[in-house]
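Heavy atoms only: backbone and side chains are in, while hydrogens, waters and symmetry mates are out. These figures come from a predicted structure and were not determined experimentally.
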Amino acid sequence: LARTRIPKEGEVLGVVELMLGSDKLRVRCDDGKERIVRIPGKLRKRVWIRVGDLVLLQPWKVMSDRRADVIWRYTQTQARWLEKKGYLKNISLS
């Protein structure tokens with residue numbers, strides 16, 4: 001059984017709202033902000049991200065309220081588990 005990755009300090013959960021092309025997404029975040037998010041190269045080849053997916057983000061040091069990098073994509077089962085355990089405070093998975 002795969003372990004579900006829990007957000008650490010400085011990491012934010014979000015739901016993908018829109019695919020912007022060239023490995024960028026618009027994500028509605030748990031902290032109430034909407035960020036333009038980049039998919040780094042190591043994830044780009046291995047992980048397929050779609051609209052509605054729950055992702056874990058690492059906000060940038062400089063424009064932390066507007067930009068971030070994707071560091072993890074949750075499966076539907078993991079996303080439901082996180083919702084049940086109360087990790088998704090301000091976002092819904094619908």
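- When the shell of 6.0 Å around CZ of R44 is examined, it contains more than 12 heavy atoms from other residues, nucleotides or ligands.
- The NZ atom of K84 sits 12.5 Å away from atom CG of L88, with the distance rounded to the nearest 0.5 Å.
- Under a cut-off of 6.0 angstrom, the local environment of CH2 in W60 is crowded, with over 12 non-hydrogen atoms contributed by other residues, nucleotides or ligands.
- Residues P59 and G10 come closest through the heavy atom pair CD-O, 3.2 Å.
- The residues E11 and R5 are annotated as salt-bridged, a charged nitrogen and a carboxylate oxygen being separated by less than 4.0 angstrom.
- Separating the NZ atom in K45 from the CD1 atom in I39 is a distance of 10.5 Å, to the nearest 0.5 Å.
- In this structure, the side chains of V55 and V16 come closer than 4.5 Å at one or more pairs of heavy atoms.
- Here I71 contributes atom CD1 and K8 contributes atom NZ; the two are 7.5 Å apart, rounded to the nearest 0.5 Å.
- Minimum heavy-atom separation, P7 to L56: CB-CD1, 3.8 Å.
- With rounding to the nearest 0.5 Å, the separation of CG in L54 from CH2 in W81 is 12.0 Å.
- Residues R26 and I36 form a side-chain contact, since some pair of their non-hydrogen atoms from C-beta on lies under 4.5 Å apart.
- Between R35 and V12, some side-chain heavy-atom pair lies under the 4.5 Å cut-off.
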Dump the intermediate steps for side chain to side chain contact (heavy atoms under 4.5 Å, CB included) on R67 and K24, then the final yes or no.
CA-CA 10 Å; R67 302 294 299 246; K24 291 188 175 48; 3.6 Å; yes

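- Smallest separation of non-hydrogen atoms from Y87 and D30: O-OD2, 3.2 Å.
- Salt bridge K33/D65: absent, no basic N to carboxylate O contact under 4.0 Å.
- Ionic pairing of E34 and R28 is not present here: no N-O contact between side-chain nitrogen and carboxylate oxygen is shorter than 4.0 angstrom.
- Between D69 and V37, the closest side-chain pair of non-hydrogen atoms is not below 4.5 Å.
- When side chains are defined from C-beta on, L13 counts as touching Y74, because their heavy atoms get closer than 4.5 Å.
- The shortest distance between side-chain heavy atoms of V51 and L18 does not fall below 4.5 Å.
- Interatomic distance, CZ of R50 versus CE of M19, reported as 9.5 Å (0.5 Å rounding).
- At a threshold of 4.5 Å between side-chain heavy atoms, the hydrophobic network of Ile, Leu, Val, Met, Phe, Trp and Tyr places V47 and V70 in one connected group.
- Here the CG-CG distance, from D53 to L25, works out to 9.5 Å after rounding to the nearest 0.5 Å.
- Judged purely by atom type and a 3.5 angstrom limit, R73 uses its side chain to pair as donor or acceptor with the backbone of W48.
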